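Just below is one structure, and these are the notes that go with it.
Values below: all heavy atoms of this structure, side chains included; hydrogens, waters and symmetry mates excluded. The shown structure was predicted, so the numbers you read here are calculated from the model rather than taken from an experiment.
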Amino acid sequence: MMPRSIARGLLLVTLSMLILTACQPKETEDASTPTEPAPPQQTDAPSETKNATLIDRGIFLDPAKTEDPDSLLVSRNLYEGLVKLDDNGEIQPGIAQSWEVSDDQLDYIFEIRPDARFSDGSAVTTDVIADNFNRWFDPKSAFHGDGNYPTWLKIFLAFNGERDAEDRAVSQVDGVQKVDSNTFIIHLNRPEPELLNYIAQPAFAILSPTALTNSNYGTRESTIISSGPYVITSWTDEELVLSPNPSYWDATEGEDINFAWK
């Protein structure tokens, strides 16, 4: 029989070994064991369109008939009016290379660039400009259509022929006149000191009357004809790409503008 002191010693050693074994870290899993992949990281846009501006895919590129900010953003690059605003908000020549105002401030007389062209090569004439103004203003115009011109009504208050209770014309605009192949006049009923700032808005850009004969003009199904510095070179389910317009009067080489859908 083992002495009691030796038996107690062996028991202590055994207990110590069990405690040490329990404290050891568990072995790591075999490196060859498959693990579940981490979920993909969400990105703002696919890699090929990371530098693109995000816009709504339902854009409508007839700026006279929409107030949608994304549509007007694109239209500002595609179309140009008689005048435009620079980055500092200052009035600059557009399709009109110069202008003067009559002493009574009721006539704005514009000289039109002889080299103003649409992207299809056709000239931007004073007849074309008159067709655009009458489209916005005159219900009798063949281009007026359904009369949905929200920016015109917001700024110029009424269409041609509308009068108030005292039989005064509601709109500041009395009409427009083609003088000759290079001279165009806007006649006012009363002075409007903000007229140039108003007509610099995208809603009053000059569009091709030929293109406007398409009842779907402004949609992806139509052919967009530009009067401004860019043309559409791609309109797909993934993106909209604008490229410099070689027919623009101030054509310069530049980079494409890329838009991706929100």
Side-chain angles (χ1 to χ4, degrees), residues 62-65 72 75-76 79-86 88-118 122-145 147-210 212 227-228 248-250:
D62 182 349
K65 302 186 78 171
L72 295 176
S75 292
R76 188 180 291 278
Y79 306 117
E80 186 164 88
L82 295 178
V83 296
K84 58 187 177 181
L85 298 176
D86 63 19
N88 297 316
E90 300 294 328
I91 295 291
Q92 300 296 333
I95 289 174
Q97 60 186 359
S98 63
W99 57 89
E100 56 184 67
V101 183
S102 63
D103 292 339
D104 61 5
Q105 300 182 43
L106 295 180
D107 293 326
Y108 282 70
I109 305 145
F110 298 89
E111 289 300 313
I112 306 305
R113 297 180 184 279
D115 57 347
R117 294 283 185 278
F118 288 109
S122 60
V124 182
T125 65
T126 49
D127 285 318
V128 165
I129 296 168
D131 283 341
N132 275 264
F133 271 85
N134 286 325
R135 178 190 184 219
W136 311 323
F137 175 56
D138 190 355
K140 295 180 180 179
S141 167
F143 295 101
H144 189 74
N148 178 27
Y149 301 96
T151 305
W152 177 274
L153 290 176
K154 182 179 294 184
I155 292 176
F156 295 113
L157 308 178
F159 298 126
N160 189 30
E162 296 185 41
R163 308 189 75 82
D164 63 17
E166 298 181 2
D167 199 34
R168 295 176 300 190
V170 177
S171 179
Q172 309 95 303
V173 177
D174 181 51
V176 297
Q177 178 186 354
K178 167 196 169 180
V179 177
D180 55 37
S181 60
N182 294 106
T183 308
F184 179 80
I185 302 177
I186 299 177
H187 298 293
L188 300 178
N189 288 306
R190 54 186 178 271
E192 177 50 79
E194 294 299 318
L195 180 71
L196 293 177
N197 282 297
Y198 289 158
I199 64 173
Q201 296 195 27
F204 306 122
I206 303 302
L207 276 58
S208 166
T210 301
L212 290 173
S227 57
Y248 183 54
W249 61 267
D250 190 25

Inset, instruction - Return yes if some donor-acceptor pair links the side-chain N/O of D164 with the main-chain N/O of V170 below 3.5 Å, else return no. - result: no
Legend entry - Inter-residue atom distance I199.CD1 - E192.CD, 0.5 Å rounding: 11.0 Å
Legend entry - Min side-chain heavy-atom separation V176-I185 under 4.5 Å: no
Legend entry - Separation of Q97 CD from L82 CG (nearest 0.5 Å): 12.0 Å
Inset, instruction - Run the numbers on Q201 and I155 for side-chain contact (heavy atoms from CB on, under 4.5 Å), then give the verdict. - result: CA-CA 11 Å; Q201 296 195 27; I155 292 176; 3.4 Å; yes
Inset, instruction - Quickly, which of S208, S141, P209 forms a side-chain contact (heavy atoms from CB on, under 4.5 Å) with D131? Name it, please. - result: P209
Inset, instruction - Apply the test side-chain contact (heavy atoms from CB on, under 4.5 Å) to residues V124 and F118: give CA-CA distance (whole Å), side-chain angles for both, the deciding distance (0.1 Å), then the verdict. - result: CA-CA 6 Å; V124 182; F118 288 109; 3.7 Å; yes
Inset, instruction - Would you sort out whether N132 and F137 count as a side-chain contact (heavy atoms from CB on, under 4.5 Å), showing the intermediate values? - result: CA-CA 9 Å; N132 275 264; F137 175 56; over 6 Å; no
Legend entry - Side-chain touch T183/I112, heavy atoms, less than 4.5 angstrom: no
Inset, instruction - Give a yes or no on whether the backbone of A158 and the side-chain of W152 come within a donor-acceptor separation of less than 3.5 Å. - result: yes
Inset, instruction - Please check if the side chain of D180 supplies one atom and the backbone of N182 the other of a donor-acceptor pair under 3.5 Å. - result: yes
Legend entry - Note, N160 side chain near P139 side chain (heavy atom, < 4.5 Å): yes
Inset, instruction - Hey, could you give me the CD/CG distance between E80 and D250, rounded to the nearest 0.5 Å? - result: 8.5 Å
Legend entry - Contact check, side chains of T126 and F110, non-hydrogen atoms, under 4.5 Å: no
Legend entry - Side chain S171, main chain L157, donor-acceptor under 3.5 Å: no
Inset, instruction - Sorted by first residue and then second, give each salt bridge (charged side-chain N to carboxylate O under 4.0 Å, His left out) pair with at least one member in residues 95-114; sequence neighbours left out. - result: none
Inset, instruction - Answer yes or no: is there a donor N or O on one side and an acceptor on the other, between the side chain of S227 and the main chain of Y79, under 3.5 Å? - result: no
Legend entry - Gap separating the CG atom of D62 from the OG atom of S75, nearest 0.5 angstrom: 8.0 Å
Inset, instruction - Would you check if the side chain of D167 reaches a backbone N or O of R163 as a donor-acceptor pair within less than 3.5 Å? - result: no
Inset, instruction - Would you check if W99 and I91 make a side-chain contact, meaning some heavy-atom pair closer than 4.5 Å? - result: yes
Legend entry - Between Y149 and H144, ring centroids under 6.0 Å: yes
Legend entry - Beyond-backbone contact of R135 with L212, side-chain heavy atoms, under 4.5 angstrom: yes
Inset, instruction - Calculate, to the nearest 0.5 Å, the distance between atoms CG and CG belonging to D174 and N189 respectively. - result: 4.5 Å
Inset, instruction - For E90 and K84, run side-chain contact (heavy atoms from CB on, under 4.5 Å): C-alpha distance rounded to whole Å, both residues' side-chain angles, the deciding distance at 0.1 Å, then the answer. - result: CA-CA 8 Å; E90 300 294 328; K84 58 187 177 181; over 6 Å; no
Legend entry - Flag side-chain contact, heavy atom, 4.5 Å: D127 against K178: yes
Inset, instruction - Compare all side-chain heavy atoms of T151 with those of F204 and state whether any distance is below 4.5 angstrom. - result: yes
Inset, instruction - Could you tell me whether the side chain of E166 and the main chain of R168 form a donor-acceptor pair under 3.5 Å? - result: no
Inset, instruction - Quick one: list whatever passes ring-ring contact (aromatic ring centres under 6.0 Å, His included) with F133, sequence neighbours left out. - result: W136, F184
Inset, instruction - Compare every heavy atom of I95 with every heavy atom of A116, then report the nearest pair and how far apart it is. - result: CB-CG2, 4.2 Å
Inset, instruction - Look up atom CG in L106 and atom CD1 in I186, then write down how far apart they are to the nearest 0.5 Å. - result: 12.5 Å
